[in-house]
Protein chains: 2
Amino acid sequence: MPEPPPPRLDEIDVQLLDLLQRDAGRTLHDLGEWVGLSPSAVQRRIARYRKDGLITRQVAVLDPHRFGPTVLAAVLVTLDQESFEHHRAFAERMRSTPQVQQCYQVAGPWDYVVVLAARSMRECSRLGNRLFKADDNIRRYETLLVFDTVKTGLALPLPASQPSRSQDGRS
Amino acid sequence: MPEPPPPRLDEIDVQLLDLLQRDAGRTLHDLGEWVGLSPSAVQRRIARYRKDGLITRQVAVLDPHRFGPTVLAAVLVTLDQESFEHHRAFAERMRSTPQVQQCYQVAGPWDYVVVLAARSMRECSRLGNRLFKADDNIRRYETLLVFDTVKTGLALPLPASQPSRSQDGRS
DNA sequence: TCGGGCACGCAAGATTATTGCGTTCCGGCG
DNA sequence: CGCCGGAACGCAATAATCTTGCGTGCCCGA
């Protein structure tokens with residue numbers, strides 16, 4: 001279980017990470033100006049975030065509706081047999097299906113929440129059939145078609161800056 | 001309604017966009033090598049994607065569990081009064097709450113699906129109380145605590161490359 | 001058949017990122 | 001109480017990357 005204790009973050013770290021998770025396109029100079037640090041100091045911190053796995057990757061976010069019609073759906077799923085192997089197989093199918101944006105295993109009567117993105121209602125329907133109806137280990141599933149995307153993103157609420165790591169040599 | 005007809009995309013466009021939405025950290029040189037184009041040609045295409053709004057932004061993705069304990073939840077919500085104004089107010093609250101990662105308005109008995117990210121179970125609970133219990137226009141809501149994140153991301157399945165835009169001057 | 005539009009590659013030129021170095025601050029230890 | 005090592009900083013030089021101007025080839029429409 002790769003869980004080295006969460007690195008201690010000072011206020012500047014939190015500011016930087018928050019800036020980056022909202023817009024990773026800025027220059028080191030800009031970032032530095034924002035948090036009051038030189039470009040090289042900013043660069044070194046960011047390198048550390050990467051090394052520590054705080055930043056996993058950097059992605060371009062596409063606008064679904066600029067690619068023509070797009071159908072989103074949230075699907076609630078309950079498996080029939082709950083064996084370890086069945087769960088594994090289901091998860092693997094979700095991971096390997098490009099139209100599956102997100103998949104969470106959850107507590108309660110439902111086992112999974114799945115977010116789908118398809119190019120048409122027809123594809124969305126087919127997808128539901130293929131992923132859930134054709135699987136005879138799915139007890140029940142319910143498709144919640146998305147009318148409107150109010151908010152989207154993967155931004156995390158960052159923990160308040162821990163007062164630790166107070167030793168630093170800036171003026 | 002700002003909907004200029006979706007730009008036609010050739011196979012290279014699709015490849016580039018797909019590469020970018022999975023890893024926007026590559027250099028123009030790398031991307032060019034991948035799709036068989038010079039760095040400058042790649043740069044010009046990407047500039048166009050931005051101008052056309054295909055790429056909305058570029059973000060760093062953080063690993064929730066590297067920041068210490070993290071609690072995710074999917075919440076299903078049904079409003080009481082369905083007036084336009086009530087919907088607007090709810091949406092605005094979702095947008096302005098950092099712990100709300102995603103919020104979709106959906107068809108069916110439930111009105112919204114909301115994805116929450118909190119630093120602790122306690123914060124998650126408080127958040128539910130603040131966002132939903134304290135709102136007397138919420139008829140009912142159900143919290144699905146996330147046990148495991150099987151898959152996450154915002155990647156779109158890209159449409160098959162349209163054969164259009166076949167005129168281009170590359171060797 | 002000719003001309004315009006468009007995308008390309010190449011090669012400067014401009015910007016940005018990276019690294020080496022010397023300095024300061026802090027905490028631990030003799 | 002003073003010294004030493006570690007960590008982070010700023011500055012400046014270097015390296016890498018991005019951006020842009022220019023000339024060329026291709027396709028389409030006139």
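Everything quoted here is computed from the prediction, not taken from an experiment. In what follows, chains are A, B, ... by sequence order, proteins preceding strands, each numbered from 1.
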Taking atom P of dA7(D) as reference, at what distance in whole Å does atom CG of D52(A) sit? 13 Å
Strictly under 6.0 Å, is that where the ring centroids of Y112(B) and H87(B) end up? yes
Any carboxylate oxygen within less than 4.0 angstrom of a Lys/Arg side-chain nitrogen, looking at D13(B) and R48(B)? yes
Tell me the interatomic distance from R48(B), atom CZ, to dC6(C), atom C1', rounded to whole angstroms. 11 Å
Salt bridge flag under 4.0 Å for residues D10(A) and R45(A): yes
Can you tell me how far P of dA7(D) sits from CD1 of I12(A), to the nearest Å? 18 Å
Give the rounded distance in Å between these two atoms: NZ of K51(B) and P of dC6(C). 11 Å
I need the CG-P distance between L37(B) and dT19(D), as an integer number of Å. 16 Å
Under the salt bridge (charged side-chain N to carboxylate O under 4.0 Å, His left out) criterion, do R139(A) and D111(A) qualify, and how do the steps go? CA-CA 10 Å; R139(A) 183 194 300 275; D111(A) 287 333; over 6 Å; no
Does Y141(A) share a hydrophobic cluster with V113(B), counting links as ILVMFWY side-chain heavy atoms below 4.5 Å and allowing steps through other members? no
Check step by step if salt bridge (charged side-chain N to carboxylate O under 4.0 Å, His left out) holds for E85(A) and R88(A). CA-CA 5 Å; E85(A) 177 55 23; R88(A) 199 203 53 74; 3.0 Å; yes
From CZ of R45(B) over to C1' of dC6(C), roughly how many Å is that when rounded to an integer? 11 Å
Once base and sugar-phosphate atoms are separated, protein heavy atoms under 4.0 Å mark nucleotides 10-23 of chain C, 5' to 3', with B, S and - as B-----SSBBB---
Between CZ of R50(B) and C1' of dC18(D) the distance, given in whole Å, is 11 Å
